[in-house]
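Everything below concerns the one structure shown next.
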Amino acid sequence: MVSITSEYISVGGNRHPAAADWDIQSGVLAFGADNNVALWYPKDKSQRGVYSLLVGHTDKVNAVRFYTCPTTGTKLLITASADHTIRIWRAVTGTYLQFTLAQILEGHTSSINTIAVSDGADLVASGAADGSVKIWRIMLQGEGTKSELLTTIVMKPRFFPLALALKPLQADGPMILAVAGTTNIIHAYILEDPLGDTSFRLAAVLSGHEAWVRSLSFTRDKQSKTGDILLASASQDKYIRLWRIQRGEVTLAAPAGEEDPVLGELEPTLSNKAHQFNAAGSKYSVTFEALLFGNEDWIYTTAWNPSSERQQLLSASADNTLTIWEQDTVSGVWVSAERMGEISVQKGSTTATGSTGGFWIGLWSPDGDQVVSLGRTGSWRAWSYDADADVWVQTLGISGHVRSVNGVRWEPTGGYLLSTSGDQTTRLHAQWLRDGKQSWHEFSRPQIHGYDLNCVDTLGPARFVSGADEKLLRVFNEPKPIAKLLEKLSAFKQSTEGELPDTAQIPVLGLSNQSMGEAPMGEGEGEEANAAHIGQAQANQTILSDTNQPPLEDQLARYTLWPEHEKLYGHGYEISAVAVSYDCTLIATACKASSIDHAVIRLYDTSDWHEIRPSLAAHSLTITSLSFSSDDRYLLSVGRDRQWAIYCRSEQDRSAFSLMESHPKGHSRMILDAAWAPVPDFHTFATAGRDKLVKIWQISKGSFVCKTTITLKSSVTAISFLPRVQVNSVFLATGEDSGELSLYKIAIDSLEAACLGNIDKLISPSKAITQLAWRPSAKYDTSQDEFSLKLAVASEDTSTRIYAISNMVS
């Protein structure tokens with residue numbers, strides 16, 4: 001029986017302040033990744049990264065919260081999305097690491113932005129862009145989950161709730177709900193009896209902030225003898241305010257300068273009014289406690305340290321810093337005890353040269369000695385507290401694309417995997433091998449671009465070509481530090497001819513990655529400037545060569561670019577497909593087209609990068625895929641005009657191709673992908689179409705005929721043949737519009753296809769598969785007995801995945 005396991009999932013987090021939570025009991029961190037929920041165990045010694053994606057939501061996941069049932073102790077994960085629904089996932093019995101869908105809550109009429117849960121209460125609050133907060137009661141019945149909508153609070157005056165916080169004022173007593181969002185005030189609601197009466201009443205309106213409030217979080221004051229509660233509110237006005245909620249009445253002395261006309265204007269910002277309210281027969285008051293300032297941009301999230309010893313507040317801001325705030329033991333003043341993130345010197349840097357564009361989420365680990373943050377690039381950074389040295393040290397996080405992954409390609413021997421995406425980056429993934437452990441990581445970000453990237457292919461072990469929406473293709477060379485890093489950590493040694501370039505940088509006003517040694521000298525610049533560039537290049541190389549682990553996020557964004565080698569011009573529209581011949585002497589490309597003039601294949605000679613004229617014409621609409629046969633004799637193209645075309649290479653002039661055959665009605669709807677089978681003696685290829693069919697064609701008497709048709713459930717968007725023959729059979733992987741993946745075994749003599757199985761829906765992508773690629777060589781697999789094959793999958797759900805497949809040949 002074919003065994004299929006998920007070996008690597010690379011995916012970026014959603015840029016939404018509520019879209020992640022770190023569970024105190026299990027240590028699992030869950031975050032929204034496009035329309036999926038990613039699960040990561042940051043304390044895992046094997047550094048595995050994302051180990052599972054929960055599939056179910058149909059739009060971006062905006063809010064994620066863990067919840068423990070107060071009566072049964074069952075662990076739930078509650079997620080909310082732009083698809084207007086809340087989903088409740090239940091931990092699989094016996095483990096906190098896996099979750100299954102238990103219930104879907106519907107009721108909101110717009111995107112849900114925030115969720116609040118509270119210890120010891122069976123209530124969940126959700127706030128949405130329909131201007132309402134809904135309160136739900138969650139009840140567990142045996143293995144089932146039953147939830148009901150208790151009440152709806154409509155925001156008046158109308159605003160969108162962006163932050164919620166829920167807390168019992170006392171054990172088994174009344175509860176307080178704080179609501180804030182697209183307004184500068186905070187509403188505090190009281191629920192008198194959580195078990196009986198379900199109506200929340202407005203108890204206080206807290207003013208003071210001068211812009212939208214993005215985050216609210218409650219904690220018990222550890223310094224208070226009477227069990228006071230502290231509420232932290234963070235705003236786009238760059239300030240955090242702390243509010244104290246205590247039992248009893250508070251009388252405040254009037255400010256001395258009440259009549260002073262100068263101070264009169266400051267009064268609304270710093271006023272300290274006591275808000276009194278009654279709850280369950282007791283009097284309570286809310287007072288303004290402290291103003292925390294020091295951030296230079298919007299503050300997105302606040303979180304209290306879950307540790308019982310330390311009273312610390314973590315804030316994440318758009319100014320690229322994570323700040324830990326503590327109360328000074330002598331004066332009681334709140335000060336920033338630690339700042340992590342970007343040093344101010346680098347703040348002016350552009351996105352291209354590595355500015356992160358702010359931190360959207362900051363979270364504490366369950367024991368309070370680790371913090372993580374999510375940045376604009378979708379990557380998680382982590383810092384651990386070193387108690388001996390009393391410093392916070394950055395540790396390895398995880399990264400991934402944040403838009404549709406449009407292409408994946410293995411290095412020709414399988415040493416590393418390249419992925420390219422609509423998020424305008426190309427990333428290099430490789431295995432980190434150490435002490436008997438192995439895990440996959442992003443090792444380099446060769447291309448950070450200004451256009452969405454559509455396709456990629458490798459030109460040998462140290463060069464690749466990519467095509468984007470900018471009408472031209474770019475060729476990149478691997479820099480020395482990356483080659484050394486891959487050799488040191490991945491045991492991937494390259495036998496490249498010639499010298500590799502130094503690291504690259506992006507000039508402030510350019511799109512081209514330049515080698516550090518050949519930076520352009522402006523007027524007035526001379527040897528000094530060039531020496532500085534070379535010095536910088538050497539410093540970058542040292543940073544990478546001294547490391548014993550894959551690069552951290554800020555190193556990936558700054559020091560792992562590949563220098564650009566060449567640009568290939570000629571196309572008039574966005575590049576749609578690229579393919580490199582097996583001998584790496586030719587690049588074939590195509591662009592989006594609505595006429596015969598543009599629906600041509602352009603060939604480029606890699607010896608001097610000139611275009612080989614004339615271009616190859618046969619199609620009338622966009623060419624969707626190009627593929628060279630394994631002996632480089634034929635070039636196959638398929639397109640939206642439903643036809644495929646085969647071009648034959650000239651025996652005399654190895655760079656010349658001519659149209660050998662075209663089939664104007666290869667499929668009844670557009671053809672989306674094509675691939676050659678690894679059998680050069682009987683030239684065979686497969687085509688995949690919107691008509692839900694895969695057709696296998698073989699040469700017979702000088703022309704290609706359809707020998708086998710495989711019918712699938714939805715449009716077939718990607719196919720790939722395993723690049724070697726096993727037991728007189730070839731193996732084909734197919735990917736569909738729905739995210740479904742299937743494996744087929746095809747006998748070489750009869751071309752009969754047998755389905756070996758589908759990849760389980762639970763570990764499959766949730767959106768269309770854009771490209772499939774089998775790892776070319778088995779030399780990186782541990783032993784031939786376990787015969788494990790690797791299949792890389794790119795999907796529109798922003799994930800890049802590698803599956804390990806064994807027992808295919810049984």
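Please read all numbers here as calculations on a predicted model, not as lab measurements.
- Here the rule is side chain to side chain contact (heavy atoms under 4.5 Å, CB included) with Ser315, and of Thr301, Thr321, Ile299 only Ile299 fits it.
- For the atom pair CZ (Arg339) and CD1 (Ile324), the distance works out to 11.5 Å, reported to the nearest 0.5 Å.
- Side-chain contact between Leu230 and Trp304 is present, with heavy atoms from C-beta onward closer than 4.5 Å.
- Distance alone, capped at 3.5 Å, places no donor-acceptor pair between the Glu148 side chain and the Arg137 backbone.
- Minimum interatomic distance between Ala163 and Arg214 (heavy atoms only, all atoms of both residues): CB-O, 3.6 Å.
- The heavy-atom pair separating Thr114 from Ala18 by the smallest distance is CA-CB, 4.4 Å.
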Any chance you could lay out the side-chain contact (heavy atoms from CB on, under 4.5 Å) test for Trp22 and Gln370, step after step, and finish with the verdict?
CA-CA 11 Å; Trp22 199 338; Gln370 192 177 358; 4.0 Å; yes
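- Here the side chain of Ser317 pairs a donor or acceptor atom with the backbone of Trp298 at under 3.5 angstrom.
- Listed for the Ser235 side chain is a donor-acceptor partner under 3.5 Å among the backbone atoms of Trp212.
- For the atom pair CZ (Arg65) and CG (Asp23), the distance works out to 11.5 Å, reported to the nearest 0.5 Å.
- A distance of 9.0 Å separates CD1 of Ile759 from OG of Ser6, quoted to the nearest 0.5 Å.
- A side chain to side chain contact (heavy atoms under 4.5 Å, CB included) with His401 is found for exactly one of Thr425, Asn406, Asp34, namely Thr425.
- When side chains are defined from C-beta on, Tyr8 does not count as touching Lys790, because their heavy atoms never get closer than 4.5 Å.
- A donor and an acceptor atom, one from each side chain of Gln103 and Ser147, are located under 3.5 Å apart.
- Residues His57 and Thr79 bring a donor and an acceptor atom of their side chains to less than 3.5 Å of each other.
- Two residues are said to be in side-chain contact when any heavy atoms from C-beta on lie closer than 4.5 Å; Leu140 and Thr71 fail this criterion.
- Taking 4.5 Å as the limit, some side-chain heavy atom of Ile176 sits within range of a side-chain heavy atom of Phe218.
- Aromatic ring orientation, Tyr385 versus Trp392: tilted (interplanar angle from 30° to 60°).
- Using a distance-only test at 3.5 Å, with no hydrogens or angles considered, no donor-acceptor pair links the side chain of Thr85 to the main chain of Leu105.
- Residues Leu322 and Glu338 fail the side-chain proximity criterion, which asks for heavy atoms closer than 4.5 Å.
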side-chain contact (heavy atoms from CB on, under 4.5 Å) between Leu39 and Leu77: does it pass, once the steps are laid out?
CA-CA 11 Å; Leu39 301 178; Leu77 177 61; 4.1 Å; yes
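- The two residues Leu741 and Gly735 have their closest heavy-atom pair at CD2-CA, 4.2 Å.
- A salt bridge does not link Asp130 with Lys134: none of the charged nitrogens is closer than 4.0 Å to a carboxylate oxygen.
- Using the six-membered ring where Trp is involved, Trp432 and His441 have ring planes that are perpendicular, over 60° apart on the 30 and 60° scheme.
- Nearest approach of Trp360 to His16, heavy atoms of both residues: CE3-N, 4.1 Å.
- For Asp797 (side chain) and Ser766 (main-chain N/O), a donor-acceptor pair under 3.5 Å exists by modelled atom type.
- The side-chain heavy atoms of His108 and Ser132, taken from C-beta on, include a pair separated by under 4.5 Å.
- In this structure, Arg403 places its CZ atom where only 12 or fewer heavy-atom neighbours from other residues, nucleotides or ligands lie under 6.0 Å away.
- Judged purely by atom type and a 3.5 angstrom limit, Thr770 has no side-chain atom pairing as donor or acceptor with the backbone of Glu796.
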Run the numbers on Leu314 and Thr302 for side-chain contact (heavy atoms from CB on, under 4.5 Å), then give the verdict.
CA-CA 5 Å; Leu314 177 73; Thr302 54; over 6 Å; no
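- Side-chain N or O atoms of Ser404 include none that pairs as donor or acceptor with a backbone N or O of Thr798 at under 3.5 Å.
- Residues Ser10 and Glu442 have side chains that never bring a donor and an acceptor to within less than 3.5 angstrom of each other.
- Atoms CG and CG, on Asn305 and Asp369 in that order, are 9.0 Å from each other to the nearest 0.5 Å.
- Here the side chain of Asp386 pairs a donor or acceptor atom with the backbone of Asp388 at under 3.5 angstrom.
- Asp367 CG: more than 12 foreign heavy atoms inside a 6.0 Å radius.
- Counting all heavy atoms, side chain and backbone alike, Tyr67 lies closest to Ser118 at CE1-O, 4.4 Å.
- Judged by distance alone, the side chain of Trp334 and the main-chain N or O of Trp325 form no donor-acceptor pair under 3.5 Å.
- For the residue pair Ser111/Asn62, the side-chain donor-acceptor check at 3.5 Å is satisfied.
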The test is side-chain contact (heavy atoms from CB on, under 4.5 Å); show your working for Met340 and Ser373 and say whether it passes.
CA-CA 10 Å; Met340 295 158 278; Ser373 81; over 6 Å; no
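- For the pair Arg220/Ile229, a side-chain contact is recorded, criterion being any heavy-atom separation below 4.5 Å from C-beta on.
- For the pair Ala102 and Arg90, the tightest heavy-atom approach, listed with the atom from each and the gap, is CB-CB, 4.0 Å.
- Considering only heavy atoms from C-beta on, Thr560 stays 4.5 Å or farther from Leu428 through its side chain.
- No donor-acceptor contact under 3.5 angstrom links the side chains of Ser764 and Arg801, judged on distance only.
- A distance of 11.5 Å separates CG in Leu762 from CG in Leu53, rounded to the nearest 0.5 Å.
- In Trp136, the CH2 atom is crowded: over 12 heavy atoms of neighbouring residues, nucleotides or ligands sit closer than 6.0 Å.
- Rounding to the nearest 0.5 angstrom, the gap separating the CG atom in Leu166 from the CG atom in Leu216 is 11.5 Å.
- Side chain of Asn295 to backbone of Asp297: no donor-acceptor contact under 3.5 angstrom is found.
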